[in-house]
A.B. asks: 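Could you have a look at this structure, given as structure tokens, before my questions?
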Amino acid sequence: MQRINKSLLKHFWCVLFVLLAQTSVLAQKPDASLYRQLPKYPFVFVSDSIVTTPPLITDSLFDEIAHGVRFQVNRTEIPSSDPFVSLYNDSLVPWLKKHNLILREVFVKGAASPEGPYDNNVWLSRRRTYRLIDFLSSNLDQTIAHQPINSKFVTEDYAYLVRLMQLAGDAEYHQVKAIWDACGGDERLCKSKLMALNGGTTWKRLLKTYFPTLRQSRMVLWYMVNPEHMPLPKCNLMSTTDMLKVPGLDAYLPLSVTDTTAVQPRSRRHLIAIRTNLLHDFLYVPQFGFAPGGNIQLEYYPLSGHYTFNAGFTFHNHRHWDTHKFFQIRDVQLELRRYFKGQGQFIGTFVDAYLQGMMYGIGFSESKGWEGEGGGAGIGLGHSWNLTKRGNLRLELTANFGMFITRYDPYVWGNSGKIDGKYYYDYHGNVSDFKKRNHQFLWFGPTNAGLHITYDIIYRKQRKEAAR
């Protein structure tokens, strides 16, 4: 009897261990009631459009289900011969289009192989991630999702290197793992320690054995049903406990009939926006005082990509005859912006290049005034934030640096000391030899700063854009 009890107890602990192990594995996966993992494509999760938070993808789950795209050395183009290209274009994309799914989020890891310089790998990993997102979206004829697409990646994936060594039963697995654990996620530090391990012999072996596998973008994708194609339940036929079946997903996902705002489509997106620079609108000039003016800019947003086109005009016209102060400016500026976020989102950090031309007349006193023309060019950095949920009102901060060259003439009030109430160029040579713009000034450095308010005035209909 005692042996039987011991045997039963042993089996009980074995069953309990298996159940706990299964529970642990299930806990690693996203909620099955919200996200459906496709059996044929385990790296793809799909959900109803009411789901607003991304699935929780743990590191262990990512390593288990992620699909990789291999890149050539120091290149960012997705090779057309990579197996993922045909898998995605010929098999997955038709299914996604059939069921009106749009790309919602991309989880990416390990976009560069560690053998290159780290700074170059940072650039490579970001460029490869952007190329991958562009590929995933463009092949779906999708210019932009209804929510921003986020990319999450590491540059040199030493955690995956450790896992590959463990799976291979590598003799130096424990040494490499100890270094990675001790570095606390610091890729640069880990790289320097691994290169010095065993006099560099380990690094050379890893270079041949494992690094080619690390030269890839491993991804997990989340797609959601396009809100424009989501059927809304009829309130007179369904209660709050009813379930809405997502066509083709073979899963029931909850939809509360009271939460109709969650599935409302974004019916439009910006095409042309108007912008003003508050620093120019409420300008204060030393030696002159307040000189508010008008600053109007128009920005054009293409259907997709990173670039926008901007044209602006600044106007100041202050004339204080009694104090001999003048501030008259006519400035035209053309600008090309590149937003770091692609897919036609046009939000967040951007860089720009600009050209400008200016006419001006500025006077601070009877004997201190200038009139002339000039032009310049330069580059800038800025960031844009949404002020409304719809994103049609935005706040921007900008700073520009470059060169400005001008030809000008000083002017004074009166003539040769005689007060006659008129203004003359401050010229003391022979009048017959006088030519305008005898002086020139060249400036290198900061050229402008901005605190902008941007508002969309012309929109595209989102439905037309999504269907193109």
Side-chain angles (χ1 to χ4, degrees), residues 273-299 310-335 337 352 354-385 387-388 393-414 419-426 436-437 439-457:
I274 190 170
R275 176 183 299 113
T276 186
N277 187 344
L278 300 179
L279 298 187
H280 286 289
D281 297 337
F282 302 98
L283 182 65
Y284 178 83
V285 180
Q287 301 185 54
F288 183 88
F290 284 101
N295 172 256
I296 299 297
Q297 303 170 49
L298 293 177
E299 185 169 12
N310 188 73
F313 178 69
T314 301
F315 177 87
H316 294 268
N317 191 34
H318 296 277
R319 295 173 294 178
H320 304 302
W321 303 103
D322 54 339
T323 57
H324 307 288
K325 290 186 175 183
F326 303 90
F327 197 80
Q328 299 171 284
I329 290 179
R330 312 289 185 268
D331 180 86
V332 176
Q333 182 168 309
L334 299 177
E335 179 185 41
R337 288 186 176 185
D352 66 70
Y354 73 89
L355 295 171
Q356 72 171 130
M358 179 188 295
M359 299 175 58
Y360 60 89
I362 300 174
F364 291 153
S365 66
E366 299 180 26
S367 58
K368 188 183 293 185
W370 307 268
E371 181 180 86
E373 299 80 34
I379 58 175
L381 179 68
H383 193 90
S384 177
W385 295 269
L387 295 180
T388 60
L393 182 65
R394 297 179 292 281
L395 175 68
E396 297 179 4
L397 288 177
T398 61
N400 291 106
F401 305 86
M403 56 83 64
F404 181 81
I405 186 170
T406 177
R407 297 190 66 87
Y408 68 96
D409 287 310
Y411 66 83
V412 296
W413 189 70
I419 304 301
D420 59 4
K422 296 182 179 180
Y423 292 88
Y424 300 87
Y425 289 124
D426 191 7
K436 294 179 63 173
R437 311 307 179 239
H439 302 264
Q440 180 174 299
F441 178 75
L442 177 63
W443 164 262
F444 283 98
T447 54
N448 202 357
L451 175 62
H452 305 273
I453 295 293
T454 301
Y455 183 75
D456 298 330
I457 56 174

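These values consider heavy atoms only, across backbone and side chains, with no hydrogens, waters or symmetry-generated copies.
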A.B. asks: Under a 3.5 Å cutoff, is there a donor and acceptor pairing between the side chains of Lys325 and Gln287?
C.D. replies: no

A.B. asks: With salt bridge (charged side-chain N to carboxylate O under 4.0 Å, His left out) as the criterion, how do Arg437 and Glu371 come out once you've worked through the C-alpha distance, each side chain's angles and the decisive distance to 0.1 Å?
C.D. replies: CA-CA 8 Å; Arg437 311 307 179 239; Glu371 181 180 86; 3.6 Å; yes

A.B. asks: Does Leu355 have any side chain to side chain contact (heavy atoms under 4.5 Å, CB included) partners at least two apart in sequence or in another chain, and if so, which?
C.D. replies: Ala377

A.B. asks: For Phe404 and Met358, run side-chain contact (heavy atoms from CB on, under 4.5 Å): C-alpha distance rounded to whole Å, both residues' side-chain angles, the deciding distance at 0.1 Å, then the answer.
C.D. replies: CA-CA 10 Å; Phe404 181 81; Met358 179 188 295; 4.1 Å; yes

A.B. asks: Asn310 and side-chain hydrogen bond (donor to acceptor under 3.5 Å, both in side chains): which partner among Gln333, Glu335, Arg337?
C.D. replies: Glu335

A.B. asks: Can you see whether Thr276 engages His452 through a side-chain donor-acceptor pair at a distance of less than 3.5 angstrom?
C.D. replies: no

A.B. asks: What distance separates Ile274 CD1 from Ile296 CD1, expressed to the nearest 0.5 Å?
C.D. replies: 4.5 Å

A.B. asks: Would you please indicate yes or no on a ring centroid separation below 6.0 angstrom for Trp370 and Phe326?
C.D. replies: no

A.B. asks: Using the rule given for side-chain contact (heavy atoms from CB on, under 4.5 Å), can you reason through Trp443 versus Ile405, listing the C-alpha separation, both sets of side-chain angles and the distance that settles it, and then say yes or no?
C.D. replies: CA-CA 6 Å; Trp443 164 262; Ile405 186 170; over 6 Å; no

A.B. asks: Does the side-chain contact (heavy atoms from CB on, under 4.5 Å) test come out yes or no for Asn317 and Arg330, once each step is laid out?
C.D. replies: CA-CA 9 Å; Asn317 191 34; Arg330 312 289 185 268; 3.7 Å; yes

A.B. asks: Distance check, rounded to the nearest 0.5 Å: Lys436 atom NZ versus Glu373 atom CD?
C.D. replies: 6.5 Å

A.B. asks: Got a sec, which residues hit side chain to side chain donor-acceptor pair (under 3.5 Å) with Thr454, two or more places apart in sequence or on another chain?
C.D. replies: Arg275, Glu396

A.B. asks: How about Met403: does its CE atom have over 12 heavy atoms from other parts shown lying under 6.0 Å from it?
C.D. replies: yes

A.B. asks: Side-chain contact test, heavy atoms from C-beta onward, threshold under 4.5 Å: evaluate it for Gln440 versus Thr406 and give yes or no.
C.D. replies: no

A.B. asks: To the nearest 0.5 angstrom, please state how far the CH2 atom of Trp385 sits from the CG atom of Leu393.
C.D. replies: 13.5 Å

A.B. asks: As an exercise, state the distance from OH of Tyr425 to OH of Tyr411, rounded to the nearest 0.5 Å.
C.D. replies: 10.0 Å

A.B. asks: Quick one: do the Thr447 and Tyr354 side chains pair a donor with an acceptor below 3.5 Å?
C.D. replies: yes

A.B. asks: Hey, could you give me the CG/CG distance between Leu278 and Leu451, rounded to the nearest 0.5 Å?
C.D. replies: 5.0 Å

A.B. asks: Do Asp456 and Arg394 make a side-chain contact, defined as non-hydrogen atoms from C-beta onward lying under 4.5 Å apart?
C.D. replies: yes

A.B. asks: Test your reading of the model: is there a side-chain donor-acceptor pair from Thr398 to the backbone of Gly450, 3.5 Å cut-off?
C.D. replies: yes

A.B. asks: Do side-chain atoms of His318 reach the backbone of Pro292 as a donor and acceptor pair under 3.5 angstrom?
C.D. replies: yes

A.B. asks: State which residue, out of Phe327, Phe288, Phe282, Tyr360, fulfils the ring-ring contact (aromatic ring centres under 6.0 Å, His included) condition with His316.
C.D. replies: Phe327

A.B. asks: Please round to the nearest 0.5 Å and tell me the distance separating atom CG of Asp331 and atom OG1 of Thr314.
C.D. replies: 5.0 Å

A.B. asks: So Lys422 and Trp413, do their side chains get closer than 4.5 Å, heavy atoms only?
C.D. replies: no

A.B. asks: Could you walk me through whether Asn400 and Ile379 pass the side-chain contact (heavy atoms from CB on, under 4.5 Å) test, one step at a time?
C.D. replies: CA-CA 6 Å; Asn400 291 106; Ile379 58 175; over 6 Å; no

A.B. asks: What about the rings of Tyr284 and Phe290, do their centers lie closer together than 6.0 Å?
C.D. replies: yes

A.B. asks: Please check if the side chain of Asn295 supplies one atom and the backbone of Asn277 the other of a donor-acceptor pair under 3.5 Å.
C.D. replies: yes

A.B. asks: Is a side-chain donor or acceptor of Asp409 paired with a backbone partner of Tyr424 at a separation under 3.5 angstrom?
C.D. replies: no

